[in-house]
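Reviewing the structure listed below.
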Amino acid sequence: MEREILKRLFSEMLRIRMVEEKIAALYPEQEMRCPVHLCIGQEAIAVGTCANLARDDYVLSGHRSHGHYLAKGGDLKAMMAELYGKVTGCSKGKGGSMHLVDLSAGFLGATPIVGSTIPIGVGAALGTVMRGEGRVTVVFFGEAATEEGVFHESINLAALKKLPVVFVCENNFYSVYSPLAVRQPEGRQIFELAKGYGVESHQADGNDVVEVYEAAERAVRKARRGGGPTFLEFKTYRWREHCGPYYDNDLGYRSEAEFQEWRQRCPIDRMKERLVRESLLRQGDISEMAASLEAEIREAVVFAKESPAPEEEQLFDHICSP
Amino acid sequence: MVVDDRELKFSQAINEAIDTCMAKDPRVYVMGLGVPDPKGVFGSTLGLQQKYGTLRVMDMPTSENGMTGVAIGSALVGMRPIMTHQRVDFALLAIEQMVNQAAKWHYMFGGQMSVPLVIRMIIGRGWGQGPQHSQSLQAWFSHVPGLKVVMPATPHDAKGLLIASIEEDNPVIFIEHRWLYNVSGPVPAGWYQVPLGKAKVVREGSDLTITATSYMTLEALRAAETLAEEGIGAEVIDVRTLNPLDETLIMESVARTGRLLVADTAWKNVGFSAEIVARVAEKAFPYLKSAPCRVALPDCPAPTAPELSRYFYPHAAHVAAAARRMIGLSGDGRMAELAPAVPLDVPDPSFTGPF
Ligand SMILES: Cc1ncc(C[n+]2csc(CCOP(=O)(O)OP(=O)(O)O)c2C)c(N)n1
Ligand SMILES: [Mg+2]
């Protein structure tokens with residue numbers, strides 16, 4: 001794989017990690033007054049997938065969408081302002097963390113009703129085909145979304161119409177505090193579900209950005225050629241609490257040992273080791289990279305904090321298209 | 001002797017209602033996302049699985065629509081399910097099962113079967129829950145014949161109404177407001193029912209009737225207190241059951257006061273508040289001294305920005321100001337005192353994050 005791509009995958013992951021950690025650090029100030037679902041630990045999936053997309057390809061996501069938005073090229077300042085409920089936010093303060101959008105980056109929207117953007121992604125893919133466009137649509141969702149009826153209804157249509165859509169399932173084993181064991185039968189491999197619909201399907205290590213990149217590359221290429229949909233299941237792990245800035249292993253729904261095991265498999269550390277080992281980056285380069293990202297993020301936070309809040313009249317803006 | 005002056009939080013009262021019914025009746029079971037998890041649906045289902053086992057207290061796949069049908073099926077053959085949704089908004093996935101199936105099974109098969117099903121759902125106001133996590137859709141459910149709709153406002157009623165709902169042989173939509181969860185009040189121990197279909201006068205007054213739903217009952221009471229200091233006697237009625245509606249109590253009150261103000265947690269347009277106004281206009285028109293008035297949400301989705309929540313959620317000051325206008329008083333009186341001290345995206349300062 002090209003050195004530049006490897007470096008880019010690393011820096012994009014680092015950027016998302018640093019943004020999420022900044023949010024976690026600032027959240028206790030109580031100025032970001034909306035639920036936040038951080039993707040720390042899962043960055044490789046967003047980055048490895050989106051690195052294969054053109055700017056005008058489409059992406060949709062759910063409640064845990066910061067990484068997808070940023071990896072697709074969503075504007076950082078507008079995202080931070082949205083978290084702060086400001087009028088300069090990507091949704092003008094109407095949506096918060098759970099409703100990100102950046103049309104100029106092809107990020108068609110993220111909404112927090114589990115599974116509900118899957119059919120919308122399939123519909124976007126249908127629309128692009130009807131319009132004769134060569135775009136690919138990627139829908140990101142957690143493994144719990146595969147339990148919703150709409151997932152099954154939508155993937156069936158995608159298969160039927162051979163739509164240019166890639167289903168990216170981030171299997172982090174939990175839905176809030178509920179493990180897969182209370183939701184799906186023992187021994188189920190989620191990616192096998194898609195095969196039942198006649199959709200090409202693969203499983204890969206979601207904490208290995210190169211593996212993600214390569215799996216997504218094949219899926220995106222196939223979709224672009226008119227070869228139809230692919231389902232990708234990436235196993236990964238959410239480090240922080242389901243919703244909010246802290247850790248929640250103390251609740252007892254999962255073990256500290258399990259968390260530590262996944263913590264050791266940090267997608268960013270793994271990539272960093274490889275880059276250093278292969279002399280693609282030196283420690284100094286990484287520090288420099290982090291410093292410039294820190295400056296960018298700090299600027300975005302300042303922008304968000306200093307932006308004006310929406311005014312009363314704006315409550316009634318955008319209810320319907322004029 | 002049972003000491004009845006103990007206080008419980010709303011969430012504990014709900015928990016106790018379920019516990020009491022499960023202990024009494026082995027047909028009662030609980031199903032819902034996160035029901036047995038360490039947070040136990042904001043405390044309302046904590047400890048139940050330990051007590052009643054994994055068969056009667058179960059988590060479920062993230063499949064609201066299918067699982068609602070499953071609950072209905074089990075009810076048809078003799079079980080009494082309690083389905084729990086952490087938000088009203090998630091229950092919408094199951095609207096077909098609720099409206100087409102549960103609501104009509106008794107009617108469309110000529111009364112041969114019934115669906116003793118309780119569907120709990122929580123209105124998740126505040127902390128930027130926003131457009132898809134904080135809707136008050138009681139009017140939708142109340143519109144459908146065959147569904148009973150309950151919205152308790154106090155811990156006492158939460159327990160008594162939930163027990164009555166579980167005992168009920170028809171599907172009951174039981175809507176709980178997240179802002180009531182931490183409110184404490186007296187709750188009798190043991191089994192008792194607050195009957196469905198009965199509203200309650202929670203404060204007496206002779207100048208106007210404020211009819212309120214759920215959390216807005218607390219705001220109405222707060223308003224009534226300040227109005228009293230100005231010499232205005234507001235009678236406050238907690239609707240408690242939206243369908244069937246206790247028309248009699250509301251008409252009696254309006255016949256005495258001659259004025260009707262409705263305070264609802266939902267949108268105004270085609271809202272539940274409109275139903276009460278319509279019924280009073282139809283049946284108590286001669287008693288009305290002034291046009292009825294509604295205090296409800298403005299007709300736009302719930303915004304996330306905390307600054308906008310200030311303009312979105314009506315509170316005691318709005319209720320009191322509307323009451324003064326109805327009485328014909330000018331100016332805002334002492335209404336400024338009623339403006340909440342905390343931002344309108346949290347019920348009290350103890351809320352410091354997502355919930
Ligand atoms: C239809 C619906 N049901 C329930 C919820 C509550 N909820 C929010 S996030 C979440 C967890 C979903 O788990 P998963 O899809 O695996 O994503 P993860 O949080 O693990 O990233 C749930 C159940 C919801 N938002 N929408
Ligand atoms: Mg998950």
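A note on names: the letters A, B, ... follow the listed sequences, proteins ahead of strands, and every chain is numbered from 1. Every heavy atom of this structure was used, including side-chain atoms; hydrogens, water molecules and symmetry mates were not.
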Answer with side chain, backbone, both or neither: which region of [X] has an atom nearer than 4.5 Å to a non-hydrogen atom of chain B?
X        : answer
A:His318 : neither
A:Ser175 : side chain
A:Ser97  : neither

Say you draw a straight line from [atom1] of [X] to [atom2] of [Y]; how long is it, rounded to the nearest 0.5 Å?
X        : Y        : atom1 : atom2 : value
A:Glu313 : B:Tyr311 : CD    : OH    : 8.0 Å
B:Ser63  : A:His152 : OG    : NE2   : 7.5 Å
B:Asp345 : A:Cys34  : CG    : SG    : 10.0 Å
B:Thr304 : A:Glu82  : OG1   : CD    : 7.0 Å
A:Glu312 : B:Leu308 : CD    : CG    : 9.0 Å
B:Ser309 : A:Arg33  : OG    : CZ    : 8.0 Å

Handout entry: NZ (A:Lys92) with more than 12 external heavy atoms under 6.0 Å
Key =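 Not buried by this count: 12 neighbours or fewer within 6.0 Å.
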Exercise for the section: Kindly check if the number of other-residue, nucleotide or ligand heavy atoms within 6.0 Å of CG (B:Leu55) is above 12? Expected result: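 At most 12 heavy atoms, drawn from other residues, nucleotides or ligands, come within 6.0 Å of this atom.
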Which heavy atom of [X] sits nearest to which heavy atom of [Y], and what is that distance?
X        : Y        : answer
B:Pro38  : A:Tyr253 : CG-CB, 4.0 Å
B:Trp127 : A:Met32  : CZ2-O, 3.8 Å
A:Arg183 : B:Pro61  : O-CG, 3.5 Å

Problem - Heavy-atom pairs under 4.5 Å with chain B, option from A:Leu83, A:Val87, A:Val176, A:Val182 with the top count - result: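 Heavy-atom pairs under 4.5 Å are most numerous for A:Val182.
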Handout entry: Heavy-atom pairs under 4.5 Å with chain A, option from B:Pro306, B:Pro36, B:Gly130, B:Gly34 with the top count
Key = B:Pro306
Problem - Closest-packed option against chain A by number of heavy-atom pairs under 4.5 Å, given B:Glu64, B:Arg310, B:Glu307, B:Gln132 - result: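 So the answer, after comparing B:Glu64, B:Arg310, B:Glu307, B:Gln132, is B:Gln132.
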Problem - Which portion of B:Leu92 sits near chain A, non-hydrogen atoms under 4.5 angstrom - result: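 Contact with chain A involves no heavy atom of B:Leu92 at all.
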Practice task
Return yes if some donor-acceptor pair links the side-chain N/O of B:Thr62 with the main-chain N/O of A:Ala145 below 3.5 Å, else return no.
Solution key: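 The answer is no, because no donor-acceptor pair under 3.5 Å joins these two groups.
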Problem - Side-chain heavy-atom pair A:Ser178, B:Leu33 within 4.5 angstrom cut-off - result: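 A:Ser178 vs B:Leu33: side chains apart.
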Exercise for the section: Apply side chain to side chain contact (heavy atoms under 4.5 Å, CB included) to the pair A:Ile113 and B:His133, showing each step before the final yes or no. Expected result: CA-CA 9 Å; A:Ile113 302 299; B:His133 275 60; 4.2 Å; yes
